[in-house]
Structures are given as C-alpha cells and as structure tokens.
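Notes to accompany the following structure.
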Amino acid sequence: MNIPRSPRRAAACALLSAAAVAAAGACGGADAGTGTGTGGDGLSGTVRVDGSSTVAPLSTAAAQLFQQHHPGVRITVGTSGTGGGFEKLCNGETDIADASRKITAEEQAHCAEKGVAYGELRIANDGLSVVVSKDNDFADCLTVEQLHRIWEPGSRVDNWNQVDAAFPDVALELFGPGPDSGTFDYFTHAVNGGEGRSRTDYSPSEDDNVTVRGVSGSEGGMGYFGLSYYEENKDELRLLEIDGGNGCVAPTRTTVQNGTYRPLSRPLLIYPSAAALDRREVEAFVEAYVDDSADIARAAQFVPLGPGQEAELRRDLARLREERTP
Amino acid sequence: MIPTAVTSDPPGVPRLAGRGTPLRERFFRLGLRASLAVGVLFLAGLLTYVVVEGWPRLDAKLWTNFPDIIDPSRAGARSAITGTVWVISLTALYCLPTGVLTAVYLEEYADRDRWWNRAIEINIQNLAAVPSIVYGILGLGVISRGLGFGQTVLTASLTLSLLVLPIVIISSREAIRAVPQSIRQASLSLGATRWQTIRRQVLPAAVPGMATGSILALSRAIGEAAPLLLLGGLTFITFNPTGVHSQFTVLPIQIFNWISQSRAEFTALASAAIVVLLVILLLMNSLAIWLRNHFTHRW
C-alpha cells in the first residue's frame, strides 16, 4: 500500500473544504494523478472504531478526513470506554480500539484467549491540567506530593492552608471527572499511585464543562481535566504549574510533547486488530491516521506528536506491516 | 360572599354552600396550585432554555447534515434522527403487542389463586424498577452476543422493548380493568365467546388507556442513552440506518456526546438536538391523544 501524496497537502485540502463538493473534486484530481486507484478510488467497506471517549475526537476527526477522500468507506466511532473498547476488540466486534492508556495484562490475556492479535500506535499526547479559580492569587505551583495529599483516598485536606502553610485560610473545593472517565483513571494513577485511588468527597462530573464552571465559580476551587479544556476556558481559569521532582513546569504543548511536564502528560493510543488490517479499507484508514496525525491532533484539540514521537510512530507502523507479511 | 363562591365553581358541580371558605380548604387549594406550578414552571423554564440556547442552530443543517467534529457549524444530527426513528418504531412494534397480550392474559385469563400467576405479577412490577443500565448489560450479553445480533438497530430496539415492557403491561392492565364488568357479562349473555368479548368489547374500550400508557413507555425509551451506549450505540456515524442489521446512533447519545465537547458551538448544537427530540416526542404524544379521542367510549 503506497501513500498517494503528501499527507500535509491531503489534510490541508480536506480541512479547507468549506464547500465540500468543490474540494472533494480538487483533491480527487490530485488522487488520480498519483494513481491511488479508480475514481472514488474503489475502497469500500466498514471500519469500526470503539473505546476511550478521550481518544474518540481524534478517531472521529481522522474518520472525517479519510471519508472526504474515500466516500465509499463507512467509519463508525463508539465510546464505550478504554476497557470496553479492548473487550470489543478482543471479541472481534470492532477493528480498532481507542485507548487513553496501555492495554493491561488482563486485557492482553483476554485477547490472547480469543486469538486476536493487535498493534499499538501512539497517535497524540494528552496533558492533564490542574486548574484553580481566577480569584486564587496565592497558588502558582504544587508538588505532586501536595496533589497526592489533597486527592488521596480519605484525605481530610479541606483548606488551602493545609496544603501549604504559606497559603491563606480559604476553603478548598474540589472538582473533577467521575470514576468512569479515563482522565480520572490517569490522574489517580499518576498522583495516587493506583488507578481509581481517589478521595470521594469531591464534585464529580463526566462533563468537563461542569468542572470548568465549578472551579471558576469558587475562590478556593480546584479541578483537573485535559489541557484542551483549559485552552478553551483560559479566561475563566488559572493554570497551576506542577513539580514532579525537577522543579515547577507549566503544561504547554512543548512540555507535554517532550515529556518534561511530569507526571500529568500521557499518550493516546489506537490498537488496530491484525486481522482487520488485512482488509484494505482498514489498512488505508490506519495509514492515513498515522500520516495525518498532526492535523488530526490539532483538529481534535490535543497536543500533536513531537518529531521524535512521529518517527517512532512510523517505525511502529512499519513493524506492524512486516509482522503481517512474513 | 356566597354567590361569588358559587360562580367560581365549574357549572354542574353541586356544592354545599357554607359560610365562607374554611381555612383548611384554602390551604388545600393553595397546595394544589403550588404543586401544579412546580411541574409547569420547571417545564417552561427548561423549554425556554433549550430553545434560546439552540436557536442559532435550529436550521435545516441540523437534519440534513451528518455529525462533524472539525467544523461544528456544518454538523448535523441526521444519522441520530433517522436512528431514533428506526429504533423507536421497532421498539413499538415489538413491545406493544407483547405487552398488550400479556396484560390481556393476566387480567382476563390468569387465575389469581395460582401462585405462579401471582409470582409473574410481582416480577413484572419489580422489573419496572430495574435501572436501565442493567437492561443494557442484558442486551449486550444476551441479545448482542448470545443471539449474535451484534451492535445493530435490532439489538437496540429489542433491549428497549424489554426495558419498557413492564410499563406497557401495567398500564394496559389498568385500562382493561377499568372496562366495567357489566359489559363483559352482557356480551357473554348474548352468546359471545370469551375471545369475541375481549376482541369486540374489552380491547376497543381499553384502547385510550393503553395508548396513554404506551406513549409514556415509548417516551421513556426515546430518551435512553445509557443502555444503548453500552450496546455500542455510536457517537460518530455518517450514514443512516439501512435496515435492522445496520449500525446506528440515537439522539440522546448524540446530545450527550455534543454536550461533553469543550467548544461552545457544540453546546448550542446539543440544545437544538434536544428541541428536535422534544418535537418527535410531541408528535408521538399527539398521535396518542388522537387515538384516545377517537376510541373513547361513553357507557
């Protein structure tokens, strides 16, 4: 399978297609010139993607860009959670699993038992941001240790002066995602050393917008969610720097990409099933996903891969291809 | 004093005229009005909110376009609207006959002295209180994987049918019970068989009550997102269902998905989709009201 043309150009063409028909025509012309195949390039079939709701916007954007060039291919994206996505992948019900964490040993065993082989591709980065209200003018940086004391199970910290003696007497109000969310799993894993280990007396919501409103409306409010949600709501919130042992680091695209914002940056992954990759439409979709990963990440408001990560992604895809053609 | 009190009553209602209105009665009426106001004001507030929020996006694109995550201004809910219509129509097709026939059996044929009939009744009442996510798990395990129907319109409508079946049964039983016993006796005494009595007298008379109950049941089904998410209802799909074995999404899933996006345009889109969902619900309700008026008998 060859890549028809510069991925940048393909994506730019797709993104610019305000008038979908006109743009499809223009891009189609480029297609024919490089010889991908016939007219609408003949690809057809269905690609089923399911899994993490965090990764779903990436897969959705990828699907949308892909379908503009391959109208015959139907791509569906579901959000039954990272765990649910792996379960469906291993049951042979889907072709690609979206995941906001790596597959666990238990899930690997389940897949092996069903005889389903799969690849693992890192397609973007996600940074978690810890935010406070605009009215909070005393906290700039917290250590992971302080975060842990606030969020550990059974924590009794309910005032900022318990977090740091230098902070004033302001009641601490906590907001965050509910326990079904991948963000919750990731934060509790990174901060409390175990997925799901968290105090329970905070205001949980699966909707990050609720967290934004809660934190911005309370002087002592604190919450956490993906960096993109902070960027959407810059005017209402203040971002905290995090000290993961090497000094205070603010989450930015750069620090999330190069991994210096620790421990609250994470990989976003897709797991295509090997059997599905034998189908041309799935293979073409995964290749387009990898080639356009930067544009897709931008469209879905995640942090794109850095140059080193991008090279690694291409190596992983190449290896996956080799494994399948012995 | 007394004349004004009398004219304030609806005509034809006999009233025992006393001296003034007792304080207790005034409080009682105040309580009635306050309770009514809670429901009506809340609904009015909710409607105003979603219409105002969704107004910028209540355009033709909402039902002609498919979801679009890159450009919210071009996104629509076409696949969700057609999916909802498919799933709800099939749900009605599966659960209404089953529910009505079960109700007929329980009311007209079942011998209440037998323990198993009482056990069935208790079970049905308990089933009505089971959380919908449990039906989602059942649908995924038994219908989707066990029967091998997969993540399809068929699985979704069968699961929703199971979910609302108890409501249909209970309301249909109430409607059948409300048909006066004298009607049955008259029919039987004229030589009609039991089947003819049920077919020609009891069921037509019970249609209004059944229609009301069924619409309540389907209204619940149309708003469900949780069990369908579990069954593999999709958040991104750019084609309409083509049959019962097609993949699908429904409006509540689409709304849930849009609301949890960070961009404000998607929130407006979600409100607009809520308005569409309410309109579909209203159309269904109108149909039920028409049915009720059409079939209402006076004895």
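Just so it is clear: chains get the letters A, B, ... in the order the sequence lines come, proteins before strands, and each one is counted from 1.
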Give, as side chain, backbone, both or neither, the part of [X] having an atom under 4.5 angstrom from any heavy atom of chain B.
| X | value |
| --- | --- |
| Ser59(A) | neither |
| Ile296(A) | neither |
| Glu231(A) | neither |

Exercise. So what's closer than 4.5 Å to chain A heavy atoms on Ser79(B): side chain, backbone, both or neither?
Worked result: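 For Ser79(B), no heavy atom lies under 4.5 Å from chain A.
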For this session: Give, as side chain, backbone, both or neither, the part of Leu229(B) having an atom under 4.5 angstrom from any heavy atom of chain A.
Result: both
Exercise. Do side-chain atoms of Thr235(B) reach the backbone of Val77(A) as a donor and acceptor pair under 3.5 angstrom?
Worked result: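 Yes; at least one donor-acceptor contact below 3.5 Å.
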Exercise. Do side-chain atoms of Gln64(A) reach the backbone of Ile69(B) as a donor and acceptor pair under 3.5 angstrom?
Worked result: yes
Within this structure, what is the [atom1]-[atom2] distance for the pair [X] and [Y], rounded to the nearest 0.5 Å?
| X | Y | atom1 | atom2 | value |
| --- | --- | --- | --- | --- |
| Phe266(B) | Asn209(A) | CZ | CG | 12.0 Å |
| Thr76(A) | Leu234(B) | OG1 | CG | 4.5 Å |
| Asp295(A) | Ile70(B) | CG | CD1 | 9.0 Å |
| Arg145(B) | Glu93(A) | CZ | CD | 4.0 Å |

Problem set entry | When Thr79(A), Val49(A), Thr94(A) are compared by non-hydrogen pairs under 4.5 Å with chain B, the top option |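 Of the candidates given, the most pairs with chain B belong to Thr79(A).
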For this session: Taking all heavy atoms of Leu140(B) and all of Lys88(A), pick out the closest pair and write down the distance.
Result: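 Smallest heavy-atom distance, with atoms named: CD1-CE, 4.5 Å.
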Exercise. Side chains of Gln247(B) and Arg74(A): closer than 4.5 Å at any heavy-atom pair?
Worked result: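 Heavy-atom side-chain distance check fails, nothing below 4.5 Å.
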For this session: With sequence neighbours excluded, tell me which residues meet disulfide (SG to SG under 2.5 Å) with Cys95(B).
Result: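 Here no residue qualifies.
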